[in-house]
2 protein chains.
Amino acid sequence: MLIGELAHAAGATTPTIRFYERQQLLPTPLRSGNGYRDYNTADLDRVRFIRAAQSSGLSLAEIRGILDIRDDGQPPCRHVSDLIDNKLAEVRRRMAELVALEQELQRLGERARLLNPAECGDSDICRIIDTARDPIPAP
Amino acid sequence: MLIGELAHAAGATTPTIRFYERQQLLPTPLRSGNGYRDYNTADLDRVRFIRAAQSSGLSLAEIRGILDIRDDGQPPCRHVSDLIDNKLAEVRRRMAELVALEQELQRLGERARLLNPAECGDSDICRIIDTARDPIPAP
DNA sequence: CTAAACCATGAACCTGGGTTCAAGGTCAAG
DNA sequence: CTTGACCTTGAACCCAGGTTCATGGTTTAG
């Protein structure tokens, strides 16, 4: 299989495959007589695995950790399971941050609606965002 | 005010203040006789504004947009209001992505619990993540 | 025979928001 | 008069996950 075929079949691009090789995510491939990389279905499975793991939020470094265990001849189940638990906790932390950010933005949006542009003096940069002189004129 | 005092008062570091200056977020400051940057309270307000806007999820480029309008003598209310609305939509998109990711990770976590490591052959990389040969042995 | 469509390599570049480094000037206290 | 804590500059570096570029070889269709 040529590199372009591999890339296409796995939903990646040719430079990305070479990049994965440099990052030790893919083994040094065989070469055809003309010097072209020659891939097999195991390589395709591997790239597909990388993309699947990536779409589950794993970083390339974490994926390499899994592949290294596999290449060592061991089942990576335990490691993967821990990785998933940690990632889930991380996703939940990030979601909590986004909820807080959403609330903050909603607060700012309401301020923007209550605030009369004509009342914005030159002394502040933006009374919507600036919380220093906080109070808003009573309606 | 010295740069270190400004940084400290605004909750930033000295290199960050210089960085903001390079990024045109802060005007070229006055210099004291010894060549030191000399800041006033308007500068402090400005840095505080930048930090407040950043903590509401605005990028430095967006913040510069607001400051440019201000420096132009106009009230940036309308622009800021739009920015906030867009940012809110973006945060909600990102949250939806994270919810999907959370579900995916939960699914993988359950798979990990159902899957018997002893059954993981050498033929796959990791049956928890790999969805190719999906079915899991009935309990 | 030539043009298109592949492939090869190494190196540089991108985003964002800074941090770190190297080499040197300034100023107050002890 | 020296030590330490400031300040100055430009340039390089960090993270991740690639993309882009320059230059050149190979193969296939017309």
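A, B, ... follow the sequence lines: proteins, then strands. Residue 1 opens every chain. Just the heavy atoms: all of them, side chains too, but no hydrogens, waters or symmetry mates, feed the values below.
- Note on Leu2(A) and Leu44(A): separate hydrophobic clusters, where clusters join Ile, Leu, Val, Met, Phe, Trp and Tyr whose side-chain heavy atoms are under 4.5 Å apart, directly or indirectly.
- Of all nucleotides in DNA chain C, those with any atom nearer than 4.0 Å to a heavy atom of chain A start and finish, going 5' to 3', at dC6(C) to dT9(C).
- Applying the 4.5 Å side-chain rule to ILVMFWY residues, one finds that Ile69(B) remains a lone member of its cluster.
- Close to dT8(D), at under 4.0 Å from its OP1 or OP2, lies a side-chain N or O of Arg37(B).
- Under the salt bridge (Lys or Arg N to Asp or Glu O under 4.0 Å) criterion, the residue pairs touching residues 57-67 of chain B are Glu62(B)-Lys87(B), with sequence neighbours excluded.
- Arg18(A) comes within 4.0 angstrom of a base, heavy atoms only.
- Evaluation of the side-chain hydrogen bond (donor to acceptor under 3.5 Å, both in side chains) rule for Tyr36(B) yields no partner, not counting sequence neighbours.
- Between the CD1 atom of Ile3(B) and the P atom of dC6(D) there is a distance of 13 Å, given to the nearest Å.
- Checked against salt bridge (charged side-chain N to carboxylate O under 4.0 Å, His left out), Asp82(A) has the following partners two or more places apart in sequence or in another chain: Arg78(A).
- By the salt bridge (charged side-chain N to carboxylate O under 4.0 Å, His left out) test, Arg37(A) is found to be paired with Glu21(A), residues two or more places apart in sequence or in another chain being considered.
- Of the residues listed (Glu110(A), Arg111(A), Gln103(A)), the one engaging Arg107(A) in a side-chain contact (heavy atoms from CB on, under 4.5 Å) is Arg111(A), and it is the only one.
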What donor-acceptor contacts under 3.5 angstrom involve side-chain atoms of residues 12-19 of chain B, with partners at least two apart or in another chain?
from     : atom 1 : to       : atom 2 : distance (Å)
Thr13(B) : OG1    : Thr16(B) : N      : 3.3
Thr13(B) : OG1    : Thr16(B) : OG1    : 2.9

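- For Arg46(A), the salt bridge (charged side-chain N to carboxylate O under 4.0 Å, His left out) partners at least two apart in sequence or on another chain are Asp71(A).
- Under the 4.5 Å side-chain criterion, counting only non-hydrogen atoms from C-beta, Leu60(B) is in contact with Ile63(B).
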Return a table of donor-acceptor pairs under 3.5 angstrom between the side chains of residues 90-99 of chain B and protein atoms on other chains or two or more places apart.
from     : atom 1 : to        : atom 2 : distance (Å)
Arg92(B) : NE     : Glu102(A) : OE2    : 2.8
Arg92(B) : NH2    : Glu102(A) : OE2    : 3.2
Arg94(B) : NH1    : Glu97(B)  : OE1    : 2.7

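- Asp43(B) is listed as a side-chain neighbour of Pro27(B), based on a closest heavy-atom distance under 4.5 Å.
- Put simply, the side chain of Ile66(A) reaches to within 4.5 Å of the side chain of Phe49(A), judged on heavy atoms.
- Helical stems involving DNA chain D, defined as 3 or more consecutive Watson-Crick or G-U pairs under 3.5 Å, span C:1-30 with D:1-30.
- Listed in residue order, the members of residues 81-96 of chain A having a heavy atom less than 4.0 Å from DNA chain C come to none.
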Problem - Per-nucleotide protein contact string for nucleotides 15-27 of chain D (B base, S sugar-phosphate only, - none; heavy atom under 4.0 Å) - result: --BBBB----BBS
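- We find that CD of Glu21(B) is positioned 12 Å from C1' of dT8(D), with the value rounded to whole Å.
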